[in-house]
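Worksheet: the structure to be examined is printed underneath.
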Amino acid sequence: FSNELASIRKIFGRDSVITFISGDEGLALLENIRLITTHIEDEEQHLLRDKREKDFNARKELQLVLLVMVFFLATLALFMVRKVKFDISNFRKSEAELKYNAILLKNMSDAVVSTDNNFRIKSWNKRAEEMYGFTEAEVIDKLAPAVFKVEMAQEDVAQFEKKISEAEVWQGELIHHRKTGELLPV
């Protein structure tokens, strides 16, 4: 349209343009331009509304996802706190039982010696100190057969090794030696 008006102005002058615009054809052309412009503006408004609505929905979806994540993390944190409390409670209970057992072990009237699977001495109570003459510090992590200098019949050795390897209880008589070398039947 503007090209047409520019051509008319160039050829016929300014007054001709004004006359053309004032005429029915010009008014129809102007109305057509107004309708096109209004349609473009309406389309822009519609697109802008759609974009705002999509942005709003996207924000709502993001908020929902974040809310779910926060809920999940809070639930996980609560679970972890409960788990840690449970573990601490069990640890304290086990620790109390160990302390109780240690007190019992130290105050038993019988000699009590414990070893690991390789027969290294791991605990030695007061009665064992009195009976054998060795202090706990002298025997911890030492091999029990070397400390006791065990005397055992050969057939009992085989039976002893078999029972111990099967995690069974062995009963029999042994001859140990005290620190002084004195014989000690057990």
Side-chain angles (χ1 to χ4, degrees), residues 47-186:
L47 290 173
L48 188 57
R49 268 193 308 274
D50 284 352
K51 183 176 178 349
R52 285 181 185 151
E53 188 176 317
K54 286 179 183 175
D55 288 350
F56 178 78
N57 289 339
R59 278 194 304 275
K60 287 296 182 189
E61 286 178 17
L62 180 60
Q63 287 174 346
L64 181 61
V65 166
L66 290 174
L67 184 63
V68 168
M69 286 177 63
V70 166
F71 176 76
F72 174 74
L73 291 174
T75 303
L76 182 62
L78 181 62
F79 173 76
M80 294 303 292
V81 165
R82 286 185 177 173
K83 175 78 171 113
V84 167
K85 282 183 179 180
F86 179 76
D87 288 349
I88 289 172
S89 175
N90 283 344
F91 175 77
R92 287 182 178 157
K93 185 178 177 182
S94 295
E95 187 178 40
E97 288 174 8
L98 285 173
K99 284 180 183 177
Y100 176 76
N101 288 339
I103 290 169
L104 283 178
L105 181 67
K106 289 207 179 279
N107 294 307
M108 287 186 79
S109 60
D110 293 328
V112 179
V113 177
S114 67
T115 65
D116 62 13
N117 291 338
N118 298 317
F119 301 105
R120 291 203 175 276
I121 297 173
K122 294 298 174 186
S123 68
W124 183 269
N125 72 353
K126 277 286 186 201
R127 183 66 181 122
E129 284 185 9
E130 294 166 3
M131 194 168 159
Y132 287 95
F134 294 102
T135 65
E136 184 179 27
E138 290 177 297
V139 296
I140 292 296
D141 287 328
K142 301 280 191 297
L143 288 172
V147 171
F148 299 137
K149 298 182 181 93
V150 178
E151 291 183 17
M152 179 188 270
Q154 193 58 37
E155 63 274 359
D156 288 340
V157 170
Q159 183 186 11
F160 173 80
E161 288 175 350
K162 182 178 182 246
K163 291 277 188 179
I164 294 297
S165 69
E166 295 170 353
E168 292 187 26
V169 175
W170 176 82
Q171 288 185 328
E173 291 190 21
L174 297 172
I175 302 293
H176 287 182
H177 292 84
R178 289 189 169 105
K179 185 176 182 178
T180 61
E182 183 181 351
L183 296 180
L184 179 66
V186 290

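This structure is a prediction, so every number in the text was calculated from the model and none was measured.
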Rounded to the nearest 0.5 Å, what's the gap from [atom1] on [X] to [atom2] on [Y]? Could you check?
X      : Y      : atom1 : atom2 : result
Leu73  : Leu66  : CG    : CG    : 10.5 Å
Arg82  : Asp87  : CZ    : CG    : 14.0 Å
Asp55  : Leu48  : CG    : CG    : 9.5 Å
Arg49  : Glu53  : CZ    : CD    : 9.5 Å
Lys149 : His176 : NZ    : NE2   : 11.5 Å

Would Lys126 and Glu129 pass as an ion pair if we require N to O under 4.0 Å?
yes

For a side chain to side chain contact (heavy atoms under 4.5 Å, CB included) check, start with the C-alpha distance between Glu138 and Lys179, then their side-chain angles and the critical distance, and finish with the verdict.
CA-CA 11 Å; Glu138 290 177 297; Lys179 185 176 182 178; 2.7 Å; yes

Within the distance-only criterion (no hydrogens, no angle test), does the side chain of [X] pair as donor or acceptor with the backbone N or O of [Y] below 3.5 angstrom?
X      : Y      : result
Arg120 : Asp141 : yes
Asn125 : Asp110 : yes
Ser89  : Lys85  : no

Passes salt bridge (Lys or Arg N to Asp or Glu O under 4.0 Å), Lys54 versus Asp50? Steps please.
CA-CA 6 Å; Lys54 286 179 183 175; Asp50 284 352; 5.9 Å; no

Kindly give the heavy-atom pair with the smallest separation between Asn118 and Leu143, and that separation in Å.
O-CD2, 3.3 Å

Where do Ser123 and Leu105 come nearest, in terms of heavy atoms and distance?
OG-CD2, 3.9 Å

Walk me through whether Ile140 and Lys122 qualify under side chain to side chain contact (heavy atoms under 4.5 Å, CB included).
CA-CA 6 Å; Ile140 292 296; Lys122 294 298 174 186; 5.8 Å; no

Evaluate Leu64 against Lys60 for side chain to side chain contact (heavy atoms under 4.5 Å, CB included), listing each step before the verdict.
CA-CA 6 Å; Leu64 181 61; Lys60 287 296 182 189; over 6 Å; no

Derivation of the side chain to side chain contact (heavy atoms under 4.5 Å, CB included) call for Leu104 and Tyr100:
CA-CA 6 Å; Leu104 283 178; Tyr100 176 76; 3.3 Å; yes

Classify the angle between the aromatic ring planes of Tyr132 and Phe148 as parallel (below 30°), tilted (30 to 60°) or perpendicular (above 60°).
tilted

